[in-house]
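Here the structure comes first, spelled out in structure tokens, and everything after it is commentary.
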Amino acid sequence: MRETPEQRNLVLILARAFAAQLATAVFLLDPEGTVIYYNEAAEKLTRRPFIEGAGETIDEWMTRTRPRDTEGLELPVQELPLGTTMLKQEPAHGIVIFRTADGVDRQVETASFPLFAHTEDFVGSFTIMWPIEEDRR
């Protein structure tokens, strides 16, 4: 039986409710790669309120934040954990440096995993980021 959009979106509704309760930065994207939510911790990490980031695409995020690896080389979307999740619909983990809204480079550890309403029904991604403290670098 094929799910209706309302049922399919229930996974994202529940993921958003869960993310809102976490003290760790969480980003939710729909299947097209558009930001549909990020929590208060993500606002603090990126220094950008959700109201400004809602509806941003992966490409817009890439242009604005210039993600890089630990050697300072720019990363294409497919090499980002979030990109792997969106393109291959599988979990991914890594370290990324990105530019915050106020121009500060932040090094974060990030894990991203796909959200499915059912086995073959990809509805988006759930990405967690946490800053790497100076003494861990």
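- Applying the salt bridge (Lys or Arg N to Asp or Glu O under 4.0 Å) test to pairs two or more places apart or on separate chains, none has a residue in residues 76-89.
- Around CG of L73, the count of heavy atoms belonging to other residues, nucleotides or ligands within 6.0 Å exceeds 12.
- For E43, the salt bridge (charged side-chain N to carboxylate O under 4.0 Å, His left out) test picks out no residue, with sequence neighbours left out.
- Closest approach of S125 and T85 over heavy atoms only: CB-CG2, 3.7 Å.
- Separation of atoms OG1 (T65) and CG (L75) is listed at 10.0 Å; rounding is to 0.5 Å.
- L82 contributes atom CG, which lies 9.5 Å from atom CE of M62 (distance to the nearest 0.5 angstrom).
- For L22, the side chain to side chain contact (heavy atoms under 4.5 Å, CB included) test picks out F18, V26, N39, F126, with sequence neighbours left out.
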| task | Would you please test R64 and R99 for side chain to side chain contact (heavy atoms under 4.5 Å, CB included) and show each step? | result | CA-CA 8 Å; R64 187 176 52 75; R99 176 126 327 139; over 6 Å; no
| request: Walk me through it: do L45 and R106 pass the test side chain to side chain contact (heavy atoms under 4.5 Å, CB included)? | output: CA-CA 8 Å; L45 182 67; R106 300 290 303 263; 3.7 Å; yes
Show me the side-chain donor-acceptor pairs of residues 89-98 shorter than 3.5 Å, one per line, residues at least two apart or across chains.
| from | atom 1 | to | atom 2 | distance (Å) |
| --- | --- | --- | --- | --- |
| H93 | NE2 | E109 | OE2 | 3.0 |

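- Not counting sequence neighbours, the partners of T127 by the side chain to side chain donor-acceptor pair (under 3.5 Å) test are S112.
- Qualifying salt bridge (charged side-chain N to carboxylate O under 4.0 Å, His left out) partners for D102, counting only residues two or more places apart in sequence or in other chains: R47.
- Under the side chain to side chain contact (heavy atoms under 4.5 Å, CB included) rule, L29 has a single partner from I58, I36, T57, L12, which is I58.
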